[in-house]
Structures are given as C-alpha cells and as structure tokens.
Amino acid sequence: MMKEIQNTVANTFLELADALESGRFGAVKVAVTGIGSEHGEENVLQGAIMAAKRGVSVYFIGSIDVPENCGVTKVEAHDEDSCFAAMEKLLDSGEAQAAVAMHYPFPIGVATVGRVVCPANGREMFLATTTGTSATDLVEGLVRNAVAGIATAKACGIENPSVGLLNLNGARQAEMVLKELQEKGYEINFAESARSDGGMIMRGNDLLKGSADVMVMDTLTGNAIIKLFAAYSTGGSFETVGYGYGPGVGKGYDRKVLIISRASGAPLIANALIYASDLVNGQLKEKVNAEIAAAEKAGLEGIIAARSKSAQAKDSAEEVVCPPAEPVAEQIAGIDVLDLEDAAKVLWKEKIYAETGMGCTGPIIRISAENLARSRELLAAAGYIEEA
C-alpha cells in the first residue's frame, strides 16, 4: 500500500515538473486517434504536435514513435479497434477530457456541430449539424440543430450567437417553430441575410460570408458543405481549413467526442484539438443542458408534438379538387417545398384557383390579384406562412 502511495506521489511530481517545463500547466487533455487517416499516422501526429504548441495536452493513440518533449503523449495502438478502445478508456478514466476521432457511433438524438472559416472574410461560423441525427423528422431535426448550434457557439465564447436557416427543405417550417419559441420566451438572436431581401433564411452567398454565427441545416447537407469549406483550396483530397465536424451534441449526452475526416490534414486536425479544448473550457455539457432547458421551458416539446399531429391530420385529409383555372399574376412565397401541394389544396378547398411553382428564392404559390389577401389569410391560419 505504501509503495502505491509513493508511486502516485512520484507520478504527480513528474507531471507537475513536465507541466512547469512545457508551460502547459492546467492544459486541457485531448486524445486523438492516429490510425485510419488517408494521409497516414504521421499526418495526425503532426497535427497533434501543432496543437500542443498552442497549449493543448495531447494523447496520440497510434503505433508510430512520438518525439520527446513535444507535448504529445503516446498511447500504443496497432489497429482501428485498439485505437477506439484506448480512446474510450482515456475518456472513461478522465485522463482525457475530450477526444478527436475519424468516426464515432453517436445515438439517434445526437448530431455534431462543425466549425468553419468563411472564405469571403475569414469569419468563423458553426454548422449545425454535420454528422449524426438529432431527430428523424426533418423539421424537428432543424429546430433541435439550431438549439445545439447555439449551445456550442456559447461554449466557444459567443454570448449571443446569431442564427440563420439555410434555404433548404424544411427551413420555412423550422423558422415558424423557432419564432414561436421566441414569442414564448426562448431567447434567440435571428441573423439577417446579406441579400437584399433579408430575413433569417440564408442563401449560398451567406454561407461564404458567414452571415450567421450558427448556420442551421440538415446533417447530410452540412456534411457536404463542411467538406467543401475544408478542402476547396486543395482539390478535395486534403482538408486544411476549419475545425472539423465538431462535437456530438444532444439532450443528456455528455461524451465530448469531436469528428474529423479521414481526409483531414494536419492543420485542420490541430484546429479540431483546439476546438475540443475550447469546449472543455467553455463547459459544453452545461451550456447544452441550459439551452435545451430554456427551449423546453418555452414549449419546445409541445410545439413539435402539435406540428406532428397537424401533419398527420393533413395526411388523412379528404381529396380536394382543383377549381377552374384563371390568370395568376401574384405569388406567395415562404412556404416549405414539402408543404407546397398541401398548401395549394387549402386554397382549392375554398374554391380559390392556385398553382405551385418555384421562384428565385424558393417555392411559391401563384394566385390571382383578387385572391391574394384572402389566400394569405387562409395559408397563415393553416400554419403554412407567418401572419402578416
């Protein structure tokens, strides 16, 4: 027993001496898996050393030798399975406070928030989300992605992050849910598109310029976009820009595991390790719990449930016949493409002729000038657009 105590004391003093010598006293400890990279373990190790020079204490999990006094501690592993097992052990024991890996099996309800550098101006932006699945329903997923993105941005020091929804399927419905949450007390700072028509629905230009601190999108879109941001200057085979796909975020989830790609290069891997350190220091888990609690206090679950019930009712609605055609010179925008046909049937049911189409900013319903005001009232009452 005495010998174990002596060893523990000795190890403590050795760690203290190393920290004082390297200047990393109190540094966040982050593990990174080295095996599986398309560019080899050396590439991952280089990224680990770069992060160590910037104040992160790194555990490199792999098979190659690590230079002495570089701020990186080697953990032996010889294949991807042993890498994964070593990473889990480091996290479970608390030796590592976070980890960076090339893949990880997140449960449903957890999705990753990426962090990119916008090419137009070098501004940083969070992409919510880039891997995983926050919800199986598209609109619900976008809403939960927004909450996850806000929490992650706050953990990185942005006190009141602006939020934009990329102009994709489900965005208009998600916008209405988020605005209803805001009306019921959830604090959310909506971004404004840089395009002349403004609004929180973001366009491709806004991606390049970083018009929002948090850009909300479905995971598959986010995954493609973050790859473009990371490797647009290298032809795609070597990701150099940004911080990777980010941490898994979800209700009750406390594992700090951040994802990078097998194509990630050393500069991006270094940034991913820095991102992990930022999230540990910024108390990501606490920020996520607080943000979800605030959204739920404003009625998040009830709003989502009501929307789902409404969607089921629409699916079982009776067949509606289109009224006789008439000239349609006006249009109503702001309807989600997934709801476009159902929205038109709301007007048909009231004997208003309407056509569906696609305008330059997204889906539209075309109607006559005489029916414009009445159509807006009907669509707002049915929940397809916001009230004027």
Basic-acidic side-chain contact under 4.0 Å: [X], [Y]:
| X | Y | result |
| --- | --- | --- |
| Glu330 | Arg376 | no |
| Lys179 | Glu175 | yes |
| Arg144 | Glu140 | yes |
| Arg115 | Glu124 | yes |
| Glu76 | Lys89 | no |

**OP:** Go through the steps for Arg307 and Asp137 under the test salt bridge (charged side-chain N to carboxylate O under 4.0 Å, His left out), then give the verdict.
**Re:** CA-CA 11 Å; Arg307 183 191 164 277; Asp137 176 79; 3.3 Å; yes
If Ile, Leu, Val, Met, Phe, Trp and Tyr residues are connected whenever their side-chain heavy atoms lie under 4.5 Å apart, and connections chain through other members, are [X] and [Y] in the same group?
| X | Y | result |
| --- | --- | --- |
| Val117 | Leu166 | no |
| Tyr59 | Leu91 | yes |
| Ile269 | Val72 | yes |
| Ile35 | Phe60 | no |
| Ile61 | Ile260 | no |

Short question: side chain of [X], backbone of [Y] - any donor-acceptor pair under 3.5 Å?
| X | Y | result |
| --- | --- | --- |
| Asn145 | Val216 | no |
| Gln97 | Lys29 | yes |
| Asn371 | Ile367 | no |
| Arg172 | Ile335 | no |
| Lys74 | Ser63 | yes |
| Asn167 | Met202 | no |
| Lys287 | Gly282 | yes |
| Ser264 | Leu268 | no |
| Asp278 | Cys156 | no |
| Trp348 | Pro323 | no |

Side chains of [X] and [Y]: closer than 4.5 Å at any heavy-atom pair?
| X | Y | result |
| --- | --- | --- |
| Glu88 | Arg255 | yes |
| Tyr353 | Cys322 | yes |
| Leu181 | Leu300 | yes |
| Leu178 | Val143 | yes |
| Gln331 | Ile365 | no |
| Val257 | Pro247 | no |
| Lys209 | Arg123 | no |
| Ile274 | Val30 | no |

Has [X] got more than 12 heavy atoms of other residues, nucleotides or ligands less than 6.0 Å from its [atom1]?
| X | atom1 | result |
| --- | --- | --- |
| Glu187 | CD | no |
| Lys285 | NZ | no |
| Lys256 | NZ | yes |
| Glu159 | CD | no |

**OP:** Under the side-chain hydrogen bond (donor to acceptor under 3.5 Å, both in side chains) rule, what do Thr219 and Thr129 come out as? Steps first, then yes or no, please.
**Re:** CA-CA 5 Å; Thr219 286; Thr129 56; 2.7 Å; yes
Nearest 0.5 angstrom please: [X] [atom1] to [Y] [atom2], how far?
| X | Y | atom1 | atom2 | result |
| --- | --- | --- | --- | --- |
| Asn189 | Asn160 | CG | CG | 4.5 Å |
| Met87 | Ser82 | CE | OG | 12.0 Å |
| Met215 | Leu207 | CE | CG | 4.5 Å |
| Phe190 | Leu165 | CZ | CG | 8.0 Å |
| Leu208 | Arg203 | CG | CZ | 12.5 Å |
| Ile364 | Thr356 | CD1 | OG1 | 9.0 Å |

If every non-hydrogen atom of [X] is compared with every non-hydrogen atom of [Y], which pair is closest and at what distance?
| X | Y | result |
| --- | --- | --- |
| Val328 | Ser368 | CG1-N, 3.9 Å |
| Ala295 | Val147 | CB-CG2, 4.2 Å |
| Asn223 | Lys227 | OD1-CE, 3.0 Å |
| Tyr384 | Met176 | O-CE, 3.4 Å |
| Ala52 | Cys70 | CB-O, 3.4 Å |
| Ser134 | Gly141 | OG-O, 3.2 Å |

**OP:** Before giving the answer on side chain to side chain contact (heavy atoms under 4.5 Å, CB included), spell out for Val113 and Tyr245 the whole-Å C-alpha distance, their side-chain angles and the decisive distance to 0.1 Å.
**Re:** CA-CA 6 Å; Val113 179; Tyr245 302 69; over 6 Å; no
**OP:** Evaluate the ring planes of Phe84 and His103, with Trp represented by its six-membered ring, and classify them as parallel (under 30°), tilted (30 to 60°) or perpendicular (over 60°).
**Re:**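 It falls in the parallel class, under 30°.
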**OP:** Check the pair Arg374 / Glu350 against side chain to side chain contact (heavy atoms under 4.5 Å, CB included), numbers first and verdict last.
**Re:** CA-CA 10 Å; Arg374 175 63 175 154; Glu350 298 299 321; 4.1 Å; yes
Original post:
Just checking, any donor-acceptor pair under 3.5 angstrom between side chains of Thr131 and Thr112?
Top reply: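 The answer is yes; a qualifying pair exists.
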Original post:
Hey, are Asp213 and Ser162 close enough side-chain-wise for a donor-acceptor pair under 3.5 Å?
Top reply: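 Note: Ser162 and Asp213 side chains meet the donor-acceptor criterion.
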**OP:** Could you give me the CA-CA distance, side-chain angles and deciding distance for Glu41 and Leu45, then say whether side chain to side chain contact (heavy atoms under 4.5 Å, CB included) is met?
**Re:** CA-CA 6 Å; Glu41 286 186 68; Leu45 178 56; over 6 Å; no
Subject >> Verdict with supporting geometry, Tyr232 and Glu239, side-chain hydrogen bond (donor to acceptor under 3.5 Å, both in side chains) >> reply: CA-CA 8 Å; Tyr232 68 90; Glu239 298 176 1; over 6 Å; no
**OP:** Output, in order, the C-alpha distance, side-chain angles, deciding distance and verdict of salt bridge (charged side-chain N to carboxylate O under 4.0 Å, His left out) for Lys154 and Glu291.
**Re:** CA-CA 10 Å; Lys154 286 184 176 180; Glu291 206 63 36; 3.0 Å; yes
**OP:** Check the pair Tyr186 / Glu180 against side chain to side chain contact (heavy atoms under 4.5 Å, CB included), numbers first and verdict last.
**Re:** CA-CA 9 Å; Tyr186 178 57; Glu180 184 175 351; over 6 Å; no
